[in-house]
Amino acid sequence: MNANFLQKFRKTETILLGVLLYGIVLVYTYQYFQIANKYEPWTTDEFFYYIEAKAIAAHNIYQTPASLDGNTSYIGDFGFHGISYAIKDGWLSKLLFQTEDPPLVLINFLTCLATLALILLFKPFTLNTRIKIALVVATHYVLFSFTLSYMQETIQYFFAVLALRSLYLIYLQENTSRSNYLWYYLLIIILAITFRYGWFMWGAGLLPLANNFKSFSKWALVAVGLLFLGIFFSRYISAPYPYGELVADTLIRTEKFSLLNSLNIIYQKFSHNLQLFLTPTEILATTIMRYLLLVLLIVNSWYAIVKRNKFTIGCALIGWAYFIACLAFYAVYWGYDERALAVLNPLLAFSLIGNFNSLIFYPVLAIQLWLFPGIVKTTKTRNMESIALNASSSERKSREASYSKIKELITDDHSVVVAIDVAFILHGTTNYFFHFPLINSKGYPIHYRIHLKGIDLRETHPAQYILVTNNETKNNTLIYSDHWIKLYRLF
């Protein structure tokens, strides 16, 4: 009788939760169609993501077409985000969507649906469990907010689910059957590292495979190898970023390494960030989700210790590695920590709900559903402001006509660098920069050196031209002038 009742309850629960998941997906879909082909960038990162993808889609230019103060990567002259995001979005735009205008919101939306599909199709879990995990992921505030933007967090969720599927199967199989899944897992992590170097921390998920010191040394060596790969991509494939207080970037790029000094910097940063993390902020959702994440990490660690489940232990190691690294090397403001720690949402869902069908599902879902309408409203407000800011007007058309003339005015038989002001890409700025030509009249690339603080670490992009909206200094040759711009050739 009890078993029969439980079976009926589980079936009813599955149906009701499935309907709820369908409703959440409809919210995503409705909000997507509200901004489809209308949304414009709202942050500086979005300007770079779009313009780098457009360079590939429209002109097969893989070097970044824009940089802050001329800073580009040591290898390839790529931007701060590396090259993988640009290749993904540029190739999809060109090959799948047949457009030179990268539809980044559409790509994010489809990636989000693909992520949920990967969860729902993971047969080792029951349908009930799969729906629960999908609900926890779909109602997470970071996924919704950034799916409906030009940001690139959605692909991080996609990689996380791919990696978790393989990691779970690694621990599900006997020793002799793990080889294929191990290779899948490592390939996913290596690919993800090319997008964001912090993915090397997923190497910690393999440490519980060790059953003696020799095998532990082997998996530790794999984890260290992924660490060095991450450092390589950060140092050489991504442009140096000398403006913020990001300890990881500072230590990776330092020319004079000091262990004691580095440990002191890390300790000071960790202490400061931990205080920020635990101190309630003005944004209620941020505060609640920070505390929820910390609670889930602790609960997952408890399960790992008590149940001695190797998959859960692996997830605990990855989770704490992310948390400690974020506080010690990154930042806990301006949403940095929310983005850096977002992949822990599917990780903890797989570990707790997938592995134990834990009762913790309902408190987590209740909290995220309670916050979800506010996230939808905040995201919609941001997107509507972006659309309104970039609405068509006579002034806008006049400005765009002026900026488009850059292509014909620059007639050099080689690539050139044009200096412009950072005001063109600031947070909440009209997207005029989207319409700047990326090649000159003879088909050679134009690189825009965007002045921020004048900190140029490599000095590889000296400007030949400068575009200003007011009078420029003397001794420069005026090439063109109208109501909106002045283009000078520099000596």
With a cut-off of 6.0 Å (strictly less than), are more than 12 heavy atoms of other residues, nucleotides or ligands near [atom1] of [X]?
X: Y267; atom1: OH; value: no
X: K88; atom1: NZ; value: yes
X: Y184; atom1: OH; value: no

Partners of [X] by side-chain contact (heavy atoms from CB on, under 4.5 Å), sequence neighbours excluded?
X: V224; answer: F228
X: D413; answer: K442, Y444
X: S404; answer: none

Looking only at atom types and distance, does a side-chain atom of [X] sit under 3.5 Å from a main-chain N or O of [Y], one as donor and one as acceptor?
X: R458; Y: T72; answer: yes
X: S145; Y: V142; answer: no
X: S234; Y: G230; answer: no
X: Q368; Y: V136; answer: yes
X: R449; Y: H461; answer: yes
X: N300; Y: S351; answer: no
X: T430; Y: Y432; answer: no
X: S386; Y: E40; answer: yes

Show the nearest heavy-atom pair for residues [X] and [Y], with the distance to one decimal.
X: A138; Y: I24; value: CB-CG2, 3.9 Å
X: K453; Y: D69; value: N-OD2, 3.1 Å
X: I375; Y: A285; value: CD1-CB, 3.9 Å

query = Is there a side chain to side chain donor-acceptor pair (under 3.5 Å) between S149 and W42 once you walk through the steps?
reply = CA-CA 8 Å; S149 74; W42 192 243; over 6 Å; no
Side-chain heavy-atom pair [X], [Y] within 4.5 angstrom cut-off:
X: H447; Y: L438; value: no
X: I318; Y: L167; value: yes
X: L206; Y: I170; value: yes
X: Y141; Y: L371; value: no
X: F350; Y: I133; value: yes
X: L162; Y: L118; value: yes
X: Q63; Y: I61; value: yes
X: L293; Y: N345; value: no

Using the ring centroid of each side chain, check whether [X] and [Y] are separated by less than 6.0 Å.
X: F433; Y: Y448; value: yes
X: F424; Y: Y403; value: yes
X: Y49; Y: Y85; value: yes
X: Y28; Y: F144; value: yes
X: F78; Y: Y62; value: no

For the residue pair [Y] / [X], report whether a side-chain donor-acceptor contact shorter than 3.5 Å exists.
X: R290; Y: T281; result: no
X: N390; Y: K38; result: no
X: Y480; Y: K405; result: yes
X: E46; Y: Y39; result: yes

inquiry  = I'd like to know if K54 pairs up with D89 as an ion pair, taking the criterion as any Lys NZ or Arg NE/NH1/NH2 lying under 4.0 Å from an Asp or Glu carboxylate oxygen.
reply    = no
query = Does a side-chain N-to-carboxylate-O contact under 4.0 Å join R489 and D412?
reply = yes
In terms of relative ring orientation, are [X] and [Y] parallel, tilted or perpendicular, with 30° and 60° separating the classes?
X: F323; Y: W320; result: perpendicular
X: W199; Y: F159; result: perpendicular
X: F80; Y: F48; result: perpendicular

task = Report the C-alpha distance between T286 and E338 in whole Å, list the side-chain angles of each, state the deciding distance to 0.1 Å, and finish with yes or no for side chain to side chain donor-acceptor pair (under 3.5 Å).
result = CA-CA 8 Å; T286 298; E338 298 173 22; 2.9 Å; yes
ask   = Among L426, I425, I450, whose side chain to side chain contact (heavy atoms under 4.5 Å, CB included) with F47 holds?
value =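 Result for side chain to side chain contact (heavy atoms under 4.5 Å, CB included) with F47: I425.
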note = Which of I189, L186, L226, I188 passes side chain to side chain contact (heavy atoms under 4.5 Å, CB included) with W202? It is I189
[atom1] of [X] to [atom2] of [Y]: how many Å apart, nearest 0.5 Å?
X: Y197; Y: S238; atom1: OH; atom2: OG; result: 9.0 Å
X: F109; Y: T111; atom1: CZ; atom2: OG1; result: 10.5 Å
X: C315; Y: L296; atom1: SG; atom2: CG; result: 12.5 Å
X: L490; Y: I466; atom1: CG; atom2: CD1; result: 6.0 Å
X: I420; Y: T469; atom1: CD1; atom2: OG1; result: 11.0 Å
X: L276; Y: Y336; atom1: CG; atom2: OH; result: 13.5 Å

task = Before giving the answer on ring pair (Phe, Tyr, Trp, His ring centres under 6.0 Å), spell out for Y181 and Y168 the whole-Å C-alpha distance, their side-chain angles and the decisive distance to 0.1 Å.
result = CA-CA 9 Å; Y181 296 114; Y168 184 84; over 10 Å; no
task = Taking the six-membered ring of F122 (Phe, Tyr or Trp), confirm whether the NZ or CZ of R130 is under 6.0 Å from its centre and within 45° of its axis.
result = no
query = Can you name the ring-ring contact (aromatic ring centres under 6.0 Å, His included) partners of Y50, sequence neighbours left out?
reply =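 For Y50, the residues satisfying ring-ring contact (aromatic ring centres under 6.0 Å, His included) (neighbours in sequence not counted) are Y150, F434.
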task = Return each pair, listed once, that meets salt bridge (charged side-chain N to carboxylate O under 4.0 Å, His left out) where at least one residue sits in residues 182-196; pairs must be two or more places apart or across chains.
result =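 Output for this query lists E153-R196.
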inquiry  = As a quick check of understanding, evaluate side chain to side chain donor-acceptor pair (under 3.5 Å) for Q268 and S271, giving each step before the final call.
reply    = CA-CA 5 Å; Q268 295 295 332; S271 300; 5.8 Å; no
key: Stepwise side chain to side chain donor-acceptor pair (under 3.5 Å) check, T147 with N108   = CA-CA 5 Å; T147 291; N108 276 343; over 6 Å; no
inquiry  = I'd like to check the side chain to side chain donor-acceptor pair (under 3.5 Å) partners of E52; sequence neighbours left out, ordered by chain and number.
reply    =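 For E52, the residues satisfying side chain to side chain donor-acceptor pair (under 3.5 Å) (neighbours in sequence not counted) are T64.
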